[in-house]
Amino acid sequence: MPSLGQRETQVLATIIESYIASASPVGSRAVAEHSGLHLSPASMRATMSDLTDLGYLEQPHTSAGRVPTARAFRLYVDSLLRPLPLGSAERDAIADELSRQELEISGILRRAANLLSGHARQLGMVVAPSEDEARWRSIEFAPAAEGLVLAVLMLEGGLVRTRTVRVDERYGQDELVRFGNYLNEHFRGLSLSEARDRIGHELARAGSRLEEMCVRALALSRRAVEHMGDDRELIVNGTLNMLDHAEFTDVGRMRDLLAAIEERSRLLELLDRTLSERDVRITFCQDVTDGAPDGLRGCSVISAAYGGDTPRGVVSVVGPLRMDYAKIVPVVQCVSRALTQLFRERFAAAPSRLP
């Protein structure tokens, strides 16, 4: 990509910021008024023509103005962007909203998605942590109906998962309580994936070494937790915000976006790339090689991991290419950092009780 001189850079930045504000092609007169450059109309048009030839601008056939391309926005966010930091009151309000003690983790993450969409006026998304790495706190069983047992597994940080298990024998309530007590004594403090592996290992070598009650408890727990944590939750908030943007007033375009939101596996794959980043990642969904769902073409994804040294999930804002990055990037950073602090407090590793 060829480097730009100061004049071209200033003109390009002015066009991008005008386009972000108006969603309309930007003409040479508007650039001359706002760029701070004292150029003749002919010089301004020549500079804009050069930027068009270089692939930074394009000219809609119905307008004399120019609009910035994805290449222009990439240069802008990488080299020209001047983020507008949130004030301390705004940062504290976001942290307070997310740290309410009565909320389970799932409720906190839904609130985070709501904060993202509300502050950005775009689509807010949050990828929940994989439950496989959350630590076992307790499990309880209760008869549900003929041939069914309800299992309630409580994990660290307020995660609660339930599973109805089909059984071939009848279990009494007292017996199910003993099962829970035995399992909690031996598995509390292990991650869900570790507990699942240990249950299988214990059953494989049980033989006559374990009492019948222990074997039955292990067998029931294996059926209860074998698929827990397989599916990660993707929380989406603020879909109606997209109707406020000129890019989505077309019914077909909005339908494409809604279809993209339904492609959860591809969205997760796209957002997971942020887990290896140390800071905010900005993805322009323009090329088939970016792996984004087709309905996100022409959109931008601003995302950041949360959880600290071991990232647990991703927060993200999705919107049109002309998002106000200077305002939205600090919001994404703030929500990410607030969730990171909260997870550090709630997910301190608990000691295993196994020998």
Side-chain angles (χ1 to χ4, degrees), residues 1-26 30-31 34-35 47-60 65-85 116 120-123 125 242 245-248 253 256-257 260 266-267 269-305 314-333 336:
M1 182 184 298
S3 59
L4 299 180
Q6 184 175 356
R7 174 196 294 182
E8 290 82 4
T9 299
Q10 184 64 35
V11 168
L12 186 60
T14 301
I15 292 173
I16 291 173
E17 290 167 1
S18 296
Y19 181 65
I20 287 173
S22 69
S24 300
V26 183
V31 181
H34 297 101
S35 67
T47 300
M48 293 173 68
S49 178
D50 290 342
L51 289 168
T52 303
D53 292 341
L54 291 171
Y56 291 105
L57 300 176
E58 57 188 8
Q59 184 175 20
R66 303 292 205 280
V67 298
T69 63
R71 170 179 284 191
F73 275 103
R74 173 53 64 193
L75 175 67
Y76 178 72
V77 300
D78 287 347
S79 304
L80 307 177
L81 182 64
R82 297 183 296 276
L84 301 173
L116 288 164
R121 305 308 304 166
Q122 309 286 351
L123 200 64
M125 293 186 179
M242 309 311 283
H245 304 298
E247 292 85 347
F248 298 97
R253 182 70 184 88
D256 290 343
L257 176 65
R266 292 186 67 185
L267 280 174
E269 182 180 346
L270 177 67
L271 296 174
D272 276 349
R273 299 174 192 174
T274 307
L275 294 173
S276 61
E277 302 285 340
R278 302 296 297 180
D279 202 353
V280 171
R281 176 189 179 102
I282 299 176
T283 303
F284 299 132
C285 303
Q286 296 297 114
D287 306 316
V288 293
T289 53
D290 61 26
D294 293 340
L296 290 187
R297 302 298 170 208
C299 290
S300 178
V301 181
I302 306 172
S303 53
V314 177
V315 297
S316 178
V317 167
V318 178
L321 198 61
R322 62 175 189 90
M323 281 195 286
D324 192 343
Y325 298 93
K327 291 182 179 179
I328 297 176
V329 166
V331 171
V332 173
Q333 286 176 320
S336 165

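Treat the numbers as computed from the prediction; the structure is a model and nothing was measured.
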Testing the basics here: between [X] and [Y], what is the closest heavy-atom pair and its distance to 0.1 Å?
{"X": "G65", "Y": "P60", "result": "O-CD, 3.7 Å"}
{"X": "R253", "Y": "C299", "result": "NH2-SG, 3.5 Å"}
{"X": "S316", "Y": "V318", "result": "OG-CG2, 4.0 Å"}
{"X": "P68", "Y": "A72", "result": "CB-CB, 3.8 Å"}

Distance from [X] atom [atom1] to [Y] atom [atom2], nearest 0.5 Å?
{"X": "L257", "Y": "H245", "atom1": "CG", "atom2": "NE2", "answer": "10.5 Å"}
{"X": "T47", "Y": "R7", "atom1": "OG1", "atom2": "CZ", "answer": "4.5 Å"}
{"X": "L51", "Y": "E58", "atom1": "CG", "atom2": "CD", "answer": "13.0 Å"}
{"X": "I302", "Y": "F284", "atom1": "CD1", "atom2": "CZ", "answer": "8.0 Å"}
{"X": "L80", "Y": "E17", "atom1": "CG", "atom2": "CD", "answer": "8.5 Å"}
{"X": "Y56", "Y": "R71", "atom1": "OH", "atom2": "CZ", "answer": "5.5 Å"}

Under the side-chain contact (heavy atoms from CB on, under 4.5 Å) rule, what do D272 and L270 come out as? Steps first, then yes or no, please.
CA-CA 6 Å; D272 276 349; L270 177 67; over 6 Å; no
[X]: what forms a side chain to side chain donor-acceptor pair (under 3.5 Å) with it, not counting sequence neighbours?
{"X": "Y19", "result": "none"}
{"X": "E247", "result": "R322"}
{"X": "S24", "result": "none"}
{"X": "S18", "result": "none"}

Within the structure provided, determine whether [X] and [Y] are in side-chain contact (heavy-atom separation under 4.5 Å).
{"X": "V329", "Y": "V77", "value": "no"}
{"X": "M48", "Y": "I15", "value": "yes"}
{"X": "V26", "Y": "R66", "value": "no"}
{"X": "M125", "Y": "L116", "value": "no"}
{"X": "P320", "Y": "M242", "value": "yes"}
{"X": "S300", "Y": "Y325", "value": "yes"}
{"X": "V315", "Y": "V332", "value": "yes"}
{"X": "I282", "Y": "V301", "value": "no"}

The test is side-chain contact (heavy atoms from CB on, under 4.5 Å); show your working for L57 and T69 and say whether it passes.
CA-CA 5 Å; L57 300 176; T69 63; 5.6 Å; no
Any side-chain donor near an acceptor of the partner, S303 and T274, under 3.5 Å
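Their side chains do contain a donor-acceptor pair, which is all the 3.5 Å distance test asks for.
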One pair to check against side-chain contact (heavy atoms from CB on, under 4.5 Å): M323 and I20. What are the steps and the verdict?
CA-CA 6 Å; M323 281 195 286; I20 287 173; over 6 Å; no
Give the C-alpha distance, both sets of side-chain angles, the deciding distance and a yes or no for side-chain contact (heavy atoms from CB on, under 4.5 Å) between L4 and L54.
CA-CA 10 Å; L4 299 180; L54 291 171; 3.8 Å; yes
Which pairs, with at least one residue in residues 275-284 and sequence neighbours excluded, count as a salt bridge (charged side-chain N to carboxylate O under 4.0 Å, His left out)?
E277-R281
Any residue meeting side chain to side chain contact (heavy atoms under 4.5 Å, CB included) with A120, in chain and number order, not counting sequence neighbours
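Listed in chain order: Q122, V317, I328.
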